[in-house]
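Just below is one structure, and these are the notes that go with it.
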Amino acid sequence: MLRQKINVALIGYGYWGPNLLRNLKNRPECNVAYVCDRSAEQLSNVSDHYPEQPVTQDFNQVVGDPDVDALVIATPISTHYHLAMRAIEAGKHVLVEKPLTDSVQDAKAMVQAAAKRRLVLMVGHTFLFSPPVRKIKEIIDSGDLGDIYYVTTSRVNPGLHQNDASVVSDVDVIWDLAPHDIAMLLYWLGEEPDTVHACGRGCMRADVPDVAFINAGFPSGAIAEIHLSWLSPVKIRRTMIVGGKKVIIYDDTESIEKVRVFEHGAEFRENESFGEFLWSYRTGDVYAPRLENYEPLAVEIKHFLDCILSGANPITDGYSGLQVVRALEMANKSLLRSNNYIQEVS
Ligand SMILES: NC(=O)c1ccc[n+]([C@@H]2O[C@H](COP(=O)([O-])OP(=O)(O)OC[C@H]3O[C@@H](n4cnc5c(N)ncnc54)[C@H](O)[C@@H]3O)[C@@H](O)[C@H]2O)c1
């Protein structure tokens, strides 16, 4: 039986943790029981901003506390499985940052463990709560775009190589950036890819790919290309969705008109005089749909708390996290098989 407020512990207060804490503290139905980080320095940052906030370096104290209802886990990917499973086994609801885990096997175990105990398991695919991504889903589902032929995305920026070179990251560019694009593709298309190929290269460090190109094919016939890089001097977040009737261009770096719909298309038409079929290109209006204005993470956090209270299944549930990890794993295996990368690491 839940008390009036849901007692939540935040695990990990690095780059992303402060955003989660701010949004948790904004929710009236939530009490942040602990912020836990193994780094004392990170915890002193919490105390600087929120002097009253209980903090701890001891994860066992958090999972062992019967008053804690739920954990929000924002630690490096390689720690997700261990920390989330400990929480689930202790009967806590869990929101795990993206990607859910670093292997399909672990993701499946996590999903099963949460289902067995009827606990909410949610993954932080934050973009699925964002106004442009939701608007695009609405347009696709309305049939306005027609059949989706293909999708291209670019998610490039100066990346994690900016960090201290002695710090070994547990992610490469695929595991860092692709969860966003794969989660969006699966959400928009409503299907998982049946083929995923990737090539990439560790330009700065041979063992850590910092540029990658992923190609995916879907059962509907849609194909997708995802371009990822930590080596771009500028941040690009650009997606094009080409349908039979219309085309969407989504640029998340735009402050207004993030989504533009082009009433363009290519079609066959019959040549009346000769009874032949001809290609024709159609050009039409371009419009930018009105988008709501809210912080996606605020909606994500509210959704997690709502699901705990109602017992509903989250939009980004553990299973959707598993689907994304499956595509990531396929990309990773393909990357390791690709000639140029094997030469680099062998
Ligand atoms: N949803 C999004 O848009 C988004 C954005 C950025 C990062 N993320 C995700 O958030 C997670 C964290 O990323 P980050 O960039 O904040 O990483 P980070 O390295 O900056 O921070 C991780 C923090 O976790 C702490 N930590 C590590 N192991 C721990 C443990 N066992 N117990 C307690 N604390 C521990 C570290 O001390 C550090 O402070 C990753 O899964 C990442 O993919 C999501």
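For ligands, and for the atoms within them, numbers begin at 1 and follow the listed sequence. Just the heavy atoms: all of them, side chains too, but no hydrogens, waters or symmetry mates, feed the values below.
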* Asked: At what distance is the nearest protein heavy atom to atom 12 (C) of ligand 1, and which residue and atom is it?
  -> A74 O, 3.4 Å

* Are W188 and D141 close enough that a side-chain donor and a side-chain acceptor fall under 3.5 Å? -> no

* Should the ring pair F129 and H303 be called parallel, tilted or perpendicular, given that the plane angle runs from 0 to 90° and is split at 30 and 60? -> tilted

* Consider only side-chain N and O atoms of Y250 and D252, and report whether a donor and an acceptor are under 3.5 Å apart. => yes

* **Residue, atom name and distance, where the atom is the protein heavy atom closest to atom 26 (N) of ligand 1** => T75 CG2, 3.8 Å

* To do: For G12, counting its heavy atoms only, list the atoms of ligand 1 lying under 4.0 Å from any of them.
  => 24 (O)

* Asked: With distance as the sole criterion, is a donor-acceptor pair present between the side chains of S220 and E191 under 3.5 Å?
  -> yes

* Asked: Have T56 and D58 got a donor and an acceptor in their side chains that come within less than 3.5 Å?
  -> no

* Asked: Which atoms of ligand 1 have any heavy atom of T126 under 4.0 Å away?
  -> 1 (N), 2 (C), 3 (O)

* Structure fact -> atom 16 (O) of ligand 1: closest protein heavy atom, distance to 0.1 Å, is W16 N, 2.8 Å

* Mind checking whether H180 has a heavy atom under 4.0 Å from ligand 1? -> yes

* Asked: What's the shortest distance from atom 21 (O) of ligand 1 to any protein heavy atom, and which residue and atom give it?
  -> G14 CA, 3.2 Å

* Y13 to ligand 1, any heavy atom closer than 4.0 Å -> yes

* To do: Name the option, out of R38, K98, Q57, H125, that contains the heavy atom nearest to atom 43 (O) of ligand 1.
  => K98

* Asked: How about N31 and N7: does a side-chain donor come under 3.5 Å of a side-chain acceptor?
  -> yes

* Asked: Is H80 touching ligand 1 with its side chain, its backbone, both, or neither, if touching means heavy atoms under 4.0 Å apart?
  -> side chain

* Run the numbers on Q57 and D37 for side-chain hydrogen bond (donor to acceptor under 3.5 Å, both in side chains), then give the verdict. => CA-CA 5 Å; Q57 285 178 269; D37 196 297; over 6 Å; no

* **Protein residue, atom and distance nearest to atom 19 (O) of ligand 1, heavy-atom basis** => P76 CG, 4.4 Å

* Salt-bridge test for R86 and E89: reply yes if a basic N is under 4.0 Å from a carboxylate O, no otherwise. => no

* Structure fact -> Under 4.0 Å from one or more heavy atoms of E97, ligand 1 contributes atoms 1 (N), 2 (C), 4 (C), 8 (N), 9 (C), 10 (O), 11 (C), 41 (O), 44 (C)

* Asked: So which bit of Q42 gets within less than 4.0 Å of ligand 1, heavy atoms only: side chain, backbone, both or neither?
  -> side chain

* Is there a donor-acceptor contact under 3.5 Å linking the side chains of D65 and Y34? -> yes

* To do: Check each atom of ligand 1 against the heavy atoms of G124 and keep those under 4.0 Å away; list them by number with element.
  => 1 (N)

* Compute the shortest N/O to N/O distance between D37 and ligand 1 and return yes if it is under 3.5 Å, no if not. => yes

* Atom pair CG (D181) and NE2 (H227), whose distance is rounded to the nearest 0.5 Å -> 11.0 Å

* Shortest protein heavy-atom distance from atom 32 (N) of ligand 1, along with the residue and atom involved -> I11 CG2, 4.1 Å

* Asked: Can you tell me the protein heavy atom closest to atom 20 (O) of ligand 1 and the distance?
  -> Y15 N, 2.9 Å

* **Worked check of side chain to side chain contact (heavy atoms under 4.5 Å, CB included) between L228 and D210** => CA-CA 8 Å; L228 309 159; D210 44 25; over 6 Å; no

